[in-house]
Structure formats: C-alpha cells, structure tokens
Amino acid sequence: MVKLNRIILIVLDSVGAGELPDAGKYGDKGTNTLKHIFESMGKDFVLPNLGKLGLYNIVKHPFGYTPQNIVGNYGKMATKSPAKDTTAGHWELSGIILNKSFPTYPDGFPKDLIEEFEKQIGIKVLGNCVASGTEIIKQLGNEHYKTGCPIVYTSADSVFQIAASEDGNIFGLDKLYNSCKIARKMLVGEHAVGRVIARPFIKKTDGTFERTSNRKDFSLNPSDETVLDKITEFGGKVISIGKIKDIFNGIGISVSYHTANNIDGIRKTIECISDKSDGNKKQLIFTNLVDFDMLWGHRRNVQSYAKGLKYFDDNLPEIISVMTDNDLLIVTADHGCDPTYTKHTDHTREYVPLMVYGKSIKQNIELGVRESLSDVAQTIADIFEYKPMKNGTGFFRCIEK
C-alpha cells in the first residue's frame, strides 16, 4: 500500500452546497450556492473536471448533465460551529468546533469602544456601521480623502474592518496595518471578534474608488490545538496559500504565500505541488481561493462567480497531473455565499461540498453527509498517524486501498 505523505487542501471560499437544517435561524432559508449558479447559467454551463471528482453527485445538475468515469470520492459536510464565517469554517476544518459564535455588531460598535480606538490611533473615524465594503468606500471615500480619517465598518460576520487609502499622503498601508494591530489588541473578552481586517483602497483617475489586493486579516489565535499544530510539532510542513496564515494568525504555519487573486492562488498551488524537494516529509498544502466570496458572492455577481468556478475547473487537470502517488487532494469550502440570494449580501448557512482524489486510493465512493467540517482534520491526522483530534470522524478508511 502506498503511504500518503502530502495532502493538498483547497478551500473554494463560500462555495456552498445547500442550506443546513438550521439555515432559517441565520436568515438563509432556501439558499444553495452551487445549485442556483447552475440554474442561473443554463444547461450549457458545466464543470466537467469537478464533475469527475463527484460534484454532481453532491449537487445535481438541474439540466441533467451527468459526468462519466467519476474518479473522486464525494459527500458534503455540515458546519457544527454556531457560525457561518471564514474563521469558524477554517478552524473547524482544522479540528476546532466553537461552543459559541464570535460577537457581531448589527448596530455598529459601542460608542465607548470606538472612542477608545480613536484615542489610541490619534484620529477620529468615519462610518461605524454595517455596510458592504464596496458601498462604504463609495459613500465615504471622498470624505476620507479630505479628512484622512479611516473608515470603520462591520457586517453580519464577526469582523472589525478598517478601510483607508494606500496613498501615504492620505493614510498609507503601514498606518492602516498598525491601526488594525491596535484594534486587535483592544478587541478581546466580550468584544473578541473573529477578525480585524485591513481594507486598503485607491482613488482612480475617474474619481471612483477601488479596493486593492493588499487586504490583511488580523485573527485571534486558534482557541485549541489544530491539525496544523500536530503537523508542525512532529516535524512536518504546513504551506499556507492565500489568507490561510491570517486566519490562523500564523499559528501552525511553516511557509506562507500571499496571493493577489484566485488565478495567483491556483498557480502558486500548482508550483508548490510540483516542488518535490521535501521528499518524504509530511506536508499540508492549504489553499484558500477568496475571490469566490470576496469579489463575487458578497457582491451577488452570479456571472463572475460562475466564470471563477469554470477557471478552477479548467485548471484542475493540471493540479492533478503534478500530483504524485503519495498525494491526496481535498476540495471543499468553509461556508456558503449564495450570489442569487437577495435578502442580504452576507454569507449563507450551507453544507459544503467534499471531494477527495488520489492516485493511490479508491474511486467513486460516496462519503455521505458528514456531521462536521472537522472530519477533514481527523482524516489528515489518521493519514499521518497522529493521535486523534478532539473533534471529527475520519473518512480515510472508506477510501484507502
């Protein structure tokens, strides 16, 4: 039997697979990110390579497309944590299930907290409201450029977001990142939000504003041991691609690569898989492709979301071609963000797809409905022969030869 020593875990950020039973509690009744994209795009929109991994066995193609020769193993996973955000989803994938959700602020942040933040950064802030990131810079971008005051806002997620110009004459990246670090130190205890996010933007020549790729997340430290910790503790290597390092605040990460977009993230993932220099060292290549969520899901842009899925699907054969017999590929998501949903523009409480492929494992095995995203962490622990995680039920025995 071939020994697996490298796992490629790709998170298609927000690619949900249908409402969870408690979706109504989150205002997300009837959501299904994948199904609704398929319906919106019509019968000619197909993802054949993801289909071969089992995608259409998870979410049926509404127009009857059925792939041949399924080589992946497939199922879907429920989020057990009482949340539908990035941090909770990724932490659960790594083995942590939250007992309670991170705090949210539907009416903006408390006055005393904002005043203390202003005192510490030495300047007043604009906003302090719930808003879309693109809309808030449309509304307050000009005032920010006139005053130099940063824009603070939040969403349905547990986030404290600070938007400011990259231009050092207005605000600058260093000042923005430092302001986020100050906020992160303040936001503890009852105000321990999941993430403080720097949202830099620029003013274009036509007077409109555009966010840049220099976003940076400042997360809490994971609240318990993750499978990333186990890998690094026992001499393995965890390679972070995209915002993974930020989500885990660098804990359990060996090497990290910032990405400008999904295209960059896919390319860096292929490069890391192609690198065989670490030999038999146990490795996790952990990739987040954020554009599905940040650029298309929240902005309810169905066409671009579909194009992004197609781009990933088109590149999947190259990802598979550079894998060795000792590699395992897991493709999943962290939550939903149905771009057809009109009641709000936030994440949606959904199952996530689970597709697993390897050249040395079984094919076309149904993995069923998994009770927790932590089943991924436990599977990794089983493959690498670590002691069991606190959470999760591994599925490797179902697919090993």
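Note that the numbering runs from 1 along the sequence shown for the chain.
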Answer yes or no: is there an ion pair linking [X] with [Y], defined by an N-O contact shorter than 4.0 Å?
X: Glu143; Y: Lys146; answer: no
X: Lys359; Y: Asp325; answer: no
X: Asp28; Y: Arg349; answer: no
X: Arg215; Y: Asp217; answer: yes
X: Glu19; Y: Lys29; answer: yes

Residue pair [X] / [Y]: nearest heavy atoms and the distance that separates them:
X: Tyr305; Y: Pro339; result: CD1-CG, 3.8 Å
X: Ala83; Y: Asp85; result: CB-OD2, 3.5 Å
X: Ile136; Y: Cys129; result: CD1-SG, 3.7 Å
X: Glu210; Y: Ile137; result: N-CD1, 4.3 Å
X: Gly265; Y: Thr259; result: CA-CG2, 3.6 Å
X: Leu329; Y: Leu316; result: CD2-CD1, 4.1 Å

Would [X] and [Y] count as having a side-chain donor-acceptor pair, cut-off 3.5 Å?
X: Lys80; Y: Asn391; result: no
X: Ser374; Y: Glu92; result: no
X: Glu166; Y: Asn214; result: yes

Test item: [X] side-chain N/O and [Y] main-chain N/O as donor-acceptor pair under 3.5 Å:
X: Thr348; Y: Cys337; result: yes
X: Asp275; Y: Ser277; result: yes
X: Arg184; Y: Phe218; result: yes
X: Asn301; Y: Ser304; result: yes
X: Thr154; Y: Val159; result: yes
X: Asp313; Y: Leu309; result: no
X: Trp91; Y: Ile247; result: yes
X: Asp293; Y: Val290; result: no
X: Arg370; Y: Val376; result: no
X: Lys282; Y: Phe384; result: yes

Just wondering, do [Y] and [X] contact through their side chains at under 4.5 Å, heavy atoms?
X: Ile197; Y: Lys216; result: no
X: Ile266; Y: Glu318; result: no
X: Lys237; Y: Thr232; result: no
X: Glu371; Y: Asp375; result: no
X: Val238; Y: Phe248; result: no
X: Gln283; Y: Ile239; result: yes
X: Arg300; Y: His344; result: yes
X: Ile361; Y: Val356; result: yes

Is the number of heavy atoms from other residues, nucleotides or ligands under 6.0 Å of [X] [atom1] greater than 12?
X: Lys268; atom1: NZ; answer: yes
X: Lys276; atom1: NZ; answer: yes
X: Lys52; atom1: NZ; answer: no
X: Tyr177; atom1: OH; answer: yes
X: Asp174; atom1: CG; answer: no
X: Lys245; atom1: NZ; answer: no

One pair to check against side-chain hydrogen bond (donor to acceptor under 3.5 Å, both in side chains): Asp167 and Ser165. What are the steps and the verdict? CA-CA 5 Å; Asp167 185 344; Ser165 171; 5.0 Å; no
Applying salt bridge (charged side-chain N to carboxylate O under 4.0 Å, His left out), can you list everything that pairs with Lys175, at least two apart in sequence or on another chain? none
Sequence neighbours excluded, the answer for salt bridge (charged side-chain N to carboxylate O under 4.0 Å, His left out) partners of Lys43 is none
Find the distance between [atom1] ([X]) and [atom2] ([Y]) and round it off to the nearest 0.5 Å.
X: Glu225; Y: Asp229; atom1: CD; atom2: CG; value: 5.5 Å
X: Ile7; Y: Leu328; atom1: CD1; atom2: CG; value: 5.5 Å
X: Asn288; Y: Lys243; atom1: CG; atom2: NZ; value: 5.0 Å
X: Tyr65; Y: Asp44; atom1: OH; atom2: CG; value: 12.0 Å
X: Asp13; Y: Thr86; atom1: CG; atom2: OG1; value: 5.0 Å

Applying side-chain hydrogen bond (donor to acceptor under 3.5 Å, both in side chains) to Asn326 and Asn5, what does each step give before you reach the verdict? CA-CA 6 Å; Asn326 305 99; Asn5 61 16; 5.0 Å; no
Centres of the [X] and [Y] rings: under 6.0 Å?
X: Phe160; Y: His191; result: no
X: Phe209; Y: Tyr145; result: yes
X: Phe38; Y: Tyr56; result: yes
X: Tyr341; Y: His36; result: no

When the side chains of residues 109-124 are checked against the rest of the protein, which donor-acceptor pairs come out under 3.5 Å, sequence neighbours left out?
{"from": "Glu116", "atom 1": "OE2", "to": "Gln120", "atom 2": "NE2", "distance (Å)": "2.9"}
{"from": "Glu118", "atom 1": "OE2", "to": "Val125", "atom 2": "N", "distance (Å)": "3.0"}

Within 45° cone and under 6.0 Å: Lys84 NZ/CZ vs Tyr26 ring: no
What verdict does the side-chain hydrogen bond (donor to acceptor under 3.5 Å, both in side chains) test give for Thr134 and Ser132, after you've listed the backbone C-alpha separation in whole Å, the side-chain angles of each residue and the deciding distance to 0.1 Å? CA-CA 6 Å; Thr134 52; Ser132 156; 3.1 Å; yes
Pick out which of Leu354, Asn57, Ile365 makes a side-chain contact (heavy atoms from CB on, under 4.5 Å) with Asn73. Ile365
Could you tell me how the ring of His298 sits relative to the ring of His347: parallel (under 30°), tilted (30 to 60°) or perpendicular (over 60°)?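 His298 vs His347 ring planes: tilted.
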Please test Asp291 against Asn261 for side-chain hydrogen bond (donor to acceptor under 3.5 Å, both in side chains), starting from the C-alpha separation and ending with a verdict. CA-CA 6 Å; Asp291 291 356; Asn261 49 39; 5.3 Å; no
